[in-house]
Amino acid sequence: MLFHFPNSHRPLARLLLSVAAAGLSLAAQAQLANSVGTSAATSADAGSLGAPTSTSVATPYMTSATPADLTRAASPAPLAGVKSSLPRASMPGSEAAAPEASRQAAPARPARPSAPSQFQRFVQEATGKLLPVYGRDLFENPQAYVPDGGAPAPADYVLGPGDEVKLQIWGVVDFDGTLTIDRNGQVSLPKAGVVTLAGVPVRELEGVLRNHLGKVFTNFSVNANLGRLRSIQVYVVGQAEQPGTVQLSSLSTLVNALFASGGPTANGSMRNIQLKRGGKTITTIDLYDFIARGDKSRDVPLLPGDVIVIPPVGPQVAVTGAFDHQAIYELKTSATSVGDILNLGGGVPALASARKALIERIAPEKNPPRQVQDLALDAQGLQQPLRDGDVLTLLNISPAFANAVTLQGTVAAPLRYPWFAGMKIRDLIPERDALITPDYYKRKNLLVQNAESAAAAGASVTSRVRGMADQINWDYAVIERLDRSQLRTELIPFNLGKVVLQHDEANNLPLQPGDVVTILSQNDLRLPVERQTRLVRVEGEVGAPGVYQAAPGETLPQLLQRIGGLTPQAYVFGTELDRESVRRHQQENLDMLIRKLEAQQQSQLTTLAANANVSADRAAQVQLQQQQQQQQMKSQLERLKSFKSNGRVALELDPKGTSLAALPPLPLEDGDRILVPSVPSFVSAFGSVNNENVFIYKRGKTVGDVIKSAGLTEDAEPDQAFVLRADGTIIARRDRSGFFGGGFESLDMMPGDTLVVPAQIDRESRYNFITRALKDWTQIFSNFGLGVAAIKVIKGF
């Protein structure tokens, strides 16, 4: 059937239908429908329903037009797959009143937050902080404070038009149905007439129904409870975020309505909110009681037509500094004290100084009117009243410890320890174990965590021993103490070894509160050579190969003698000493040479490009030649970069020496590696020779004999030949030139020696400048500590 709008509502109906047809957003339609519904309800209450007209909307027949009816009539059917966000209206007499309507969501807050109040801006200018209004953040989630319409109604709930009553009667008469209280506050009972239920509390509902039915029937039983509840409209006025009409569940209270309206603005009061009904003030609520203490004793249920008044905010103060709830607070009375405000945020914080706080106060009678005063947060200070405009600043406690000394550095437990009168260093470090860091035990426990580390234990013993424990600097530790007379830190050194190891009372210095005791290791300060740990790795033909700790000043022969001397197969002339400090120095020099050659390469390429004055027909050929030259230069540098120094020290030994006396008395350093090989039975030839091979060593074999055995190639340059001896030294042809049998070819070869014959350089090729710069391979091998393995790289030049 068709629902016909009265004449007075015809423009509104057309407007709603136009809105639906225009496809406005659901939120816009809901807002418009609410305003239309309010007007319609007013007209209906005045009895303005007229004769049917041609303006109609297809809807089930109803006896009267309510705001909910108009809203449903104007709302378009939701599109497929789109969920409508419009709440289902519930008004007195509406058959669509549902639990969902009574639990409808509270209106959303405005998209644009309210501007800061004048006092907020004043505090921001004074402190640099835009403080929030205390409790204002709770209104950001109004959904959390919507009453549950599906919960049972309380016993004191008063029935009204729109509420549903589920009634069951059995006995002489049977009935099971739902009755809706109409606008007159009545329901019609089957065969018993009309009964008025409006104004009846829920606890009296069954009694009222039983008494009315008892006038007609006997021997029956009644069970009645509530179904769907009605909704009510209240008005929120004053300093509210969303002033106006608010539609709520009939179970709502004053607090629910405040949250539904978005709460007070920054200029609205939270401590003097009034509920008016029939022109009288029913209650006045202080939201601080609810927010801070959960007190709802002043909260009351709402009735239709109630008016909630939010007056302008009263006197305000600001709390900032060492306080978790820094905010703007409203004073309830002039007697509100410092303690009252701080109690709203949990009281005086433990991290705030109780000795001193600051109050910035406005004193209009003074010029200038702004004043600052001190305040102690003791019992008396907390009772001090606050004034409008006060800014209370809580100060942080001092980070200083009154009775603590700090132990740090290479220690087991770097912590703060309690100080006591007469405390000395040995009280802080009572035993040696206090100087073993926890990392030592962690690294020690990791040694058996996996099979790989266990398998490599022998190869990594040197690095493991060196990194297992931090070696203590027993000769120097220091106390850092604040000189309060000059406010500067002074250092008081002491001998840790004498205190802990020798119990020397002269170095057992007294401590003061606030002292910082630092224990250092060898990694913190470089110690004298004789005090450093020297781990030396000895391998090869010695009595007991292994890793040893060299004594201060101990030399190479002395260490070898201490560990059992040499075996009969030891080749003293081939003894190899690799030193880490030498390796680093040699590698730095090699890297510097490479950078210099790279710069020369770039300069040479620029010169070649500038001098390429050729005809157009040869331009492509010249360009290809330059690309080849550039590629060759790059390849040469890459091979040169592959050189790695081994840090070998040329010992310059006597080839005929066979005992420890032939070794130089060289003091050992930490990280040295000593290898005493067995006597090799060959010599080698490499470079521009026909037979790059090893040859059996025979006593008396000379360089000339090796050259004859290997044979020189056509591009060989014998004038640049040299011998890389087993002891790491270099002997070149130019160093052995002579006319009386002392020439290079007559040089005796020793076991393990290598003869190197470089190739000739194409002097017509301008791009071989790098090779020419490194023509003296003897300098490369001697200055950069390159071994025999580097000869394979040289072959590529």
Side-chain angles (χ1 to χ4, degrees), residues 106 109 113-114 116-120 122-123 129-142 144-145 236-242 252-276 281-302 308-321 323-349 352 357 359 377 381-394:
R109 296 189 61 196
S114 59
S117 66
Q118 184 178 2
F119 185 64
Q120 282 181 289
F122 169 79
V123 175
K129 301 178 181 178
L130 181 60
L131 298 181
V133 176
Y134 174 75
R136 191 67 191 83
D137 56 334
L138 296 179
F139 294 95
E140 295 178 358
N141 185 21
Y145 296 90
V236 181
V237 297
Q239 302 295 323
E241 284 285 358
Q242 292 178 326
S252 299
T253 64
L254 174 56
V255 171
N256 300 134
L258 289 173
F259 279 94
S261 65
T265 64
N267 295 311
S269 174
M270 284 193 178
R271 312 204 69 173
N272 190 30
I273 300 175
Q274 302 171 6
L275 173 63
K276 295 181 177 294
T281 301
I282 302 302
T283 185
T284 299
I285 190 171
D286 182 356
L287 280 181
Y288 280 19
D289 294 336
F290 173 67
I291 296 172
R293 292 179 284 274
D295 182 6
K296 288 188 60 179
S297 60
R298 307 287 295 179
D299 188 25
V300 296
L302 296 175
I308 300 171
V309 181
I310 302 179
V313 66
Q316 291 178 291
V317 297
V319 181
T320 184
F323 194 59
D324 289 336
H325 300 277
Q326 301 180 54
I328 305 295
Y329 292 84
E330 182 180 358
L331 302 179
K332 189 170 185 179
T333 64
S334 60
T336 303
S337 65
V338 173
D340 295 334
I341 294 298
L342 294 182
N343 287 336
L344 293 173
V348 180
I359 294 182
L377 298 180
L382 294 176
Q383 293 299 322
Q384 178 171 334
L386 291 172
R387 298 182 185 176
D388 188 16
D390 283 352
V391 178
L392 174 62
T393 302
L394 274 60

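Note that the numbering runs from 1 along the sequence shown for the chain.
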Query - Close side-chain approach of F139 and P264, heavy atoms under 4.5 Å - result: yes
Query - Minimum heavy-atom distance between P349 and F323, given as atom pair plus value - result: CG-CD1, 3.6 Å
Query - Pairing residues for P311 by the side-chain contact (heavy atoms from CB on, under 4.5 Å) criterion, not counting sequence neighbours - result: S269, N272
**Report entry** Smallest separation among heavy atoms of I291 and G135, with atom names
**Finding:** CD1-CA, 3.9 Å
Query - Pairwise distance CD(Q326) to CG(L392) - rounded to 0.5 angstrom - result: 10.5 Å
Query - For T284, all residues meeting side chain to side chain donor-acceptor pair (under 3.5 Å), sequence neighbours excluded - result: none
Query raised in the report: Hey, what do you get for CD1 (I328) to CG (L131), rounding to the nearest 0.5 Å?
Result: 4.5 Å
**Report entry** Over all atoms of both residues, closest heavy-atom pair of Q120 and A266
**Finding:** OE1-CB, 3.6 Å
Query raised in the report: E330 and M270: which non-hydrogen atoms are nearest, and at how many Å?
Result: OE1-N, 2.9 Å
Query raised in the report: Under the side chain to side chain donor-acceptor pair (under 3.5 Å) test, which residues partner D289, sequence neighbours left out?
Result: R293
**Report entry** Pairwise distance CD1(I310) to CD(Q274) - rounded to 0.5 angstrom
**Finding:** 11.0 Å
Query raised in the report: Any side-chain heavy atom of I308 within less than 4.5 Å of one from L254?
Result: yes
Query raised in the report: Taking the side chain from T393 and the backbone from G321, do they hold a donor-acceptor pair closer than 3.5 Å?
Result: no
Report summary line: Closest heavy-atom pair, L382 versus L342, reported as atoms and distance to 0.1 Å, is CD2-CD1, 4.0 Å
Query raised in the report: Considering residues at least two apart in sequence or located in another chain, which fulfil the side chain to side chain donor-acceptor pair (under 3.5 Å) criterion with D388?
Result: none
**Report entry** Euclidean distance, S297 OG relative to I285 CD1, rounded to 0.5 Å
**Finding:** 8.0 Å
Report summary line: Residues at least two apart in sequence or cross-chain that pass side-chain contact (heavy atoms from CB on, under 4.5 Å) with P301, listed by chain then number, are none
Query raised in the report: Do H325 and L344 come close enough that some side-chain heavy atom pair is under 4.5 Å?
Result: no
Report task. For D340, enumerate each residue passing the side-chain contact (heavy atoms from CB on, under 4.5 Å) test, keeping only those at least two apart in sequence or located in another chain. Result -> T336, S337
**Report entry** Short side-chain donor-acceptor distance under 3.5 Å, T265 and N267
**Finding:** no
Query raised in the report: By salt bridge (charged side-chain N to carboxylate O under 4.0 Å, His left out), which residues pair with R271, not counting sequence neighbours?
Result: D286
Query raised in the report: Atom CZ of R136 and atom CG of L287: how far apart are they, to the nearest 0.5 Å?
Result: 10.5 Å
Could you tabulate the donor-acceptor pairs under 3.5 Å formed by side-chain atoms of residues 312-319, not counting sequence neighbours?
none

Query - Note, V236 side chain near Q242 side chain (heavy atom, < 4.5 Å) - result: no
Requested in this report: With sequence neighbours excluded, tell me which residues meet ring pair (Phe, Tyr, Trp, His ring centres under 6.0 Å) with Y134.
Outcome: Y288, Y329
Report task. Determine the minimum heavy-atom distance between L331 and L386, stating which atoms define it. Result -> CD1-O, 3.7 Å
Query raised in the report: Do the ring planes of F259 and F290 sit parallel (below 30°), tilted (30 to 60°) or perpendicular (above 60°)?
Result: perpendicular
Query raised in the report: By salt bridge (charged side-chain N to carboxylate O under 4.0 Å, His left out), which residues pair with K129, not counting sequence neighbours?
Result: none
Query raised in the report: Are side-chain heavy atoms of L377 and L394 found at a separation under 4.5 Å?
Result: yes
**Report entry** Set of residues satisfying salt bridge (charged side-chain N to carboxylate O under 4.0 Å, His left out) with respect to D390, sequence neighbours excluded
**Finding:** R361
